[in-house]
Amino acid sequence: MAKKALIERELKREQLVAKFAKKHAELKSIAGDAKRSDDERAQARLALQKLPRNANPTRQRNRCEMTGRPRGTFRQFGLGRAKIRELAFEGQIPGITKASW
């Protein structure tokens with residue numbers, strides 16, 4: 001089980017990303033638009049730098065919903081590999097069976 005503080009930090013990041021998503025997207029599009037003047041693009045880059053660090057979506061980390069484990073998380077299930085294995089053996093995840101050949 002991950003520390004509560006780490007899980008809470010990740011939730012805080014999710015909220016910040018959602019809050020600044022529209023502004024971040026606008027500034028990114030301005031900064032990457034070759035048709036705009038260099039001054040406008042530079043201003044957009046500066047404005048991007050002034051946004052909170054955790055408002056950047058790349059700082060988010062996928063974590064297991066049950067345990068909070070940061071590595072080995074499957075996007076499809078939102079669970080860590082160990083939890084997927086446990087639940088699959090118990091028959092809790094429909095359509096998942098142990099491979100045998």
Side-chain angles (χ1 to χ4, degrees):
M1 187 76 183
K3 290 183 181 180
K4 294 269 187 199
L6 298 178
I7 295 170
E8 290 300 318
R9 184 187 308 160
E10 205 57 48
L11 292 175
K12 208 173 184 182
R13 280 188 184 136
E14 282 180 30
Q15 292 168 353
L16 261 179
V17 166
K19 181 179 177 181
F20 288 100
K22 187 176 178 185
K23 189 171 188 175
H24 191 270
E26 285 175 13
L27 292 171
K28 285 287 279 188
S29 67
I30 292 170
D33 190 3
K35 294 178 183 174
R36 299 210 183 229
S37 70
D38 289 341
D39 189 42
E40 280 182 309
R41 294 172 69 191
Q43 291 297 324
R45 276 193 239 82
L46 285 174
L48 264 173
Q49 289 175 0
K50 288 182 181 177
L51 290 179
R53 237 174 230 227
N54 287 333
N56 192 341
T58 58
R59 289 180 63 93
Q60 284 182 304
R61 180 79 180 181
N62 292 333
R63 287 185 174 271
C64 175
E65 289 292 324
M66 296 178 96
T67 62
R69 189 179 200 285
R71 295 180 178 208
T73 305
F74 286 71
R75 288 182 190 173
Q76 184 178 2
F77 303 108
L79 298 172
R81 58 182 174 74
K83 276 294 169 188
I84 288 176
R85 186 171 189 271
E86 275 180 32
L87 294 174
F89 283 156
E90 292 172 7
Q92 299 292 325
I93 304 175
I96 302 292
T97 57
K98 187 175 185 302
S100 60
W101 57 88

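FYI, side chains are in, hydrogens and waters are out, and symmetry mates aren't considered; it's all heavy atoms of this structure.
Taken to the nearest 0.5 Å, the CD atom of Q43 stands 11.0 Å off from the CG atom of L27. Between the CZ atom of R61 and the CD1 atom of I7 there is a distance of 13.5 Å, given to the nearest 0.5 Å. To the nearest 0.5 Å, atom CZ of residue R9 and atom CZ of residue R63 are 8.0 Å apart.
Tracing side-chain contacts under 4.5 Å through hydrophobic residues (I, L, V, M, F, W, Y), one reaches L51 starting from L16; they form part of the same cluster.
Residues forming a side-chain contact (heavy atoms from CB on, under 4.5 Å) with E14 (at least two apart in sequence, or on another chain): L11, Q60. Among residues two or more places apart in sequence or in another chain, the side chain to side chain donor-acceptor pair (under 3.5 Å) test is passed with R13 by E10, N54. Qualifying side chain to side chain donor-acceptor pair (under 3.5 Å) partners for R45, counting only residues two or more places apart in sequence or in other chains: none. For F77, the side-chain contact (heavy atoms from CB on, under 4.5 Å) partners two or more places apart in sequence, or in a different chain, are F74, L79, I84, I93, I96. With sequence neighbours left out, K28 forms a side-chain contact (heavy atoms from CB on, under 4.5 Å) with H24, L48. With sequence neighbours excluded, the residues that form a side-chain contact (heavy atoms from CB on, under 4.5 Å) with E40 are R36, S37. By the side chain to side chain donor-acceptor pair (under 3.5 Å) test, N56 is found to be paired with T58, residues two or more places apart in sequence or in another chain being considered.
Listed by chain and number, the hydrophobic cluster partners of I30 come to none, as no ILVMFWY side chain reaches under 4.5 Å of it.
Under the side chain to side chain donor-acceptor pair (under 3.5 Å) criterion, no residue pair touches residues 87-101, with sequence neighbours excluded. Counting only residues at least two apart or on different chains, the side chain to side chain donor-acceptor pair (under 3.5 Å) pairs with a member in residues 70-88 are K83-E86.
The two residues A31 and R41 make their nearest non-hydrogen contact at O-NE, 3.1 Å. The minimum heavy-atom distance between G80 and C64, with the atom names listed, is N-SG, 3.2 Å.
A 4.5 Å side-chain heavy-atom check between L87 and M66 finds at least one atom pair inside the cut-off.
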